[in-house]
J.: 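Okay, handing you the structure first.
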2 protein chains.
Amino acid sequence: MMSDAPGGESLLFLTDEQLRQGIEAMFFAYRGFTADPDRILAGMAYGRAHHRAIHFINRAPGTTVNNLLILLGVTKQSLNRVLRTLVEDGLVESKVGKADKRERHLYLTEAGEALERKLSDAQRARMRSAYRAAGPQAVAGFRQVLEAMMDGDLRRKYQALRDSGT
Amino acid sequence: MMSDAPGGESLLFLTDEQLRQGIEAMFFAYRGFTADPDRILAGMAYGRAHHRAIHFINRAPGTTVNNLLILLGVTKQSLNRVLRTLVEDGLVESKVGKADKRERHLYLTEAGEALERKLSDAQRARMRSAYRAAGPQAVAGFRQVLEAMMDGDLRRKYQALRDSGT
DNA sequence: AGTTTAAGTCAGTCTTGTTGACATTCCAAG
DNA sequence: CTTGGAATGTCAACAAGACTGACTTAAACT
């Protein structure tokens, strides 16, 4: 299984082969990770980009377009297309900022929240089952490695989001 | 009692919030994970699709087109476009099968291996540094959760690949 | 001989990313 | 107070990479 002894000196023997296994695990796992929401969205006129936008608007209601595009790591033009369809379809509401009228603050409508729930229920179910299968200690390790894998900038944004959540 | 290790029961308290943090960690980490190869490929006429093809051809030299497209989870038309440019540019060699002449067996040329090394060096460096930062126990947990997150079919393919490697 | 399989091709569509150009709003320096 | 730059968001056009569907070729299987 884990080739070398799980925990101890094995780090010193980090072979390219072990690293490549990690790379492939990441690739295959990400496919599983996105599979359920993708399936749900397939029928509708939406894709993964819509899912991500909905997720983070739900996470931080009232966030601005600028905030969102930094989180998502896409250009504002790219995000705008997605956002426009979501607003047109009545899933997202875009309110002109009070203090700064250049800003648009984004909120999910009830319909938007319903879709968000549907999508994240599916994704959470998979995450939950993976967590259960692997056990609590594995989960802690999982999170540690993922955090270490992020770019510094994103890591800070992730941590801010995480700590604001609970 | 079944030794309730540190956090033994915490699985029972898996809140939606904890799961969502895992989901977001996965999202941000994957961005970091692909960032370096993407940067390298940006200048060239290649993208992430070419990287994946090169990776798995290197991993399993002589693999067939059909094998590859199952691993990658794309259609043959999609893979073919990528493969054609790689063959044209002399990075991949496609040999007619000996036993079954319908099959094409794929190999990296020297130039292909050079690019593979360049890409995977970058990706391994990030993986290595994440592993080092998180520690050996975390790495074991990371791998366990990732495996549990894969679709059953892909998990089998991943494990076959993994066990063939070393 | 007839069917199935492996691979490749052509055409068309969709999602999602990109640049470039532009409008609006804010703010600060003259 | 005005004016010019910076920030925010929108519109338009394009490219990469995925998809489906229809078709061809060659080889293998039955």
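Lettering follows sequence order; numbering is per chain, from 1. Only this structure's heavy atoms are used, side chains among them; waters, hydrogens and symmetry mates stay out.
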J.: Tell me, which pairs form a ring pair (Phe, Tyr, Trp, His ring centres under 6.0 Å) where one or both residues lie in residues 55-94 of chain B, sequence neighbours left out?
T.: A/Phe27-B/Phe56, A/Phe28-B/Phe56

J.: A side-chain contact here means heavy atoms from C-beta on lying under 4.5 Å apart; do A/Thr75 and A/Leu79 qualify?
T.: no

J.: Who passes salt bridge (Lys or Arg N to Asp or Glu O under 4.0 Å) against A/Arg104, sequence neighbours left out?
T.: none

J.: Just wondering, do A/Val65 and A/Glu103 contact through their side chains at under 4.5 Å, heavy atoms?
T.: no

J.: Taking only residues two or more places apart in sequence or in another chain, which ones pass salt bridge (Lys or Arg N to Asp or Glu O under 4.0 Å) with A/Asp151?
T.: B/Arg126

J.: Over all strands shown, is A/His51 touching base, sugar-phosphate only, or nothing at heavy-atom distances under 4.0 angstrom?
T.: nothing

J.: Return the 5'-most residue of the pair A/Arg104, B/His105 with respect to DNA chain C, ranking by each residue's nearest nucleotide.
T.: B/His105

J.: Going by salt bridge (Lys or Arg N to Asp or Glu O under 4.0 Å), name the residues that satisfy it together with A/Arg143, two or more places apart in sequence or in a different chain.
T.: none

J.: Extract, from 5' to 3' on DNA chain C, the first and final nucleotides lying under 4.0 angstrom from some heavy atom of chain A.
T.: C/dT15 to C/dC26

J.: When you list every nucleotide of DNA chain D with an atom under 4.0 Å from a heavy atom of chain A, which one comes first 5' to 3', and which comes last?
T.: D/dA6 to D/dA12

J.: Going by salt bridge (Lys or Arg N to Asp or Glu O under 4.0 Å), name the pairs with one or both residues in residues 78-100 of chain A, residues two or more places apart or in two chains.
T.: A/Asp100-A/Arg102

J.: Is there side-chain contact between A/Asp36 and A/Gln123, with heavy atoms separated by less than 4.5 Å?
T.: no

J.: Name all residues meeting the salt bridge (Lys or Arg N to Asp or Glu O under 4.0 Å) criterion together with A/Arg31; count only those two or more places apart in sequence or in a different chain, and write none if there are none.
T.: none

J.: Counting only non-hydrogen atoms, which of residues 25-48 of chain B are less than 4.0 Å from DNA chain C?
T.: none

J.: Thinking salt bridges, do B/Arg124 and A/Glu17 make one under a 4.0 Å N-O criterion?
T.: no

J.: Within the 3.5 Å criterion, strictly below it, is a donor on A/Gln144 or B/Gln137 matched to an acceptor on the partner's side chain?
T.: no

J.: Kindly write out the residues that satisfy ring-ring contact (aromatic ring centres under 6.0 Å, His included) with B/Tyr30, not counting sequence neighbours, or none if the list is empty.
T.: A/Tyr30, B/Phe33

J.: I'd like to check the ring-ring contact (aromatic ring centres under 6.0 Å, His included) partners of A/Tyr46; sequence neighbours left out, ordered by chain and number.
T.: A/His50

J.: Using a strict heavy-atom distance below 4.0 Å, which residues from residues 62-96 of chain B are in contact with DNA chain C?
T.: B/Thr64, B/Val65, B/Asn66, B/Lys76, B/Gln77, B/Asn80, B/Arg84

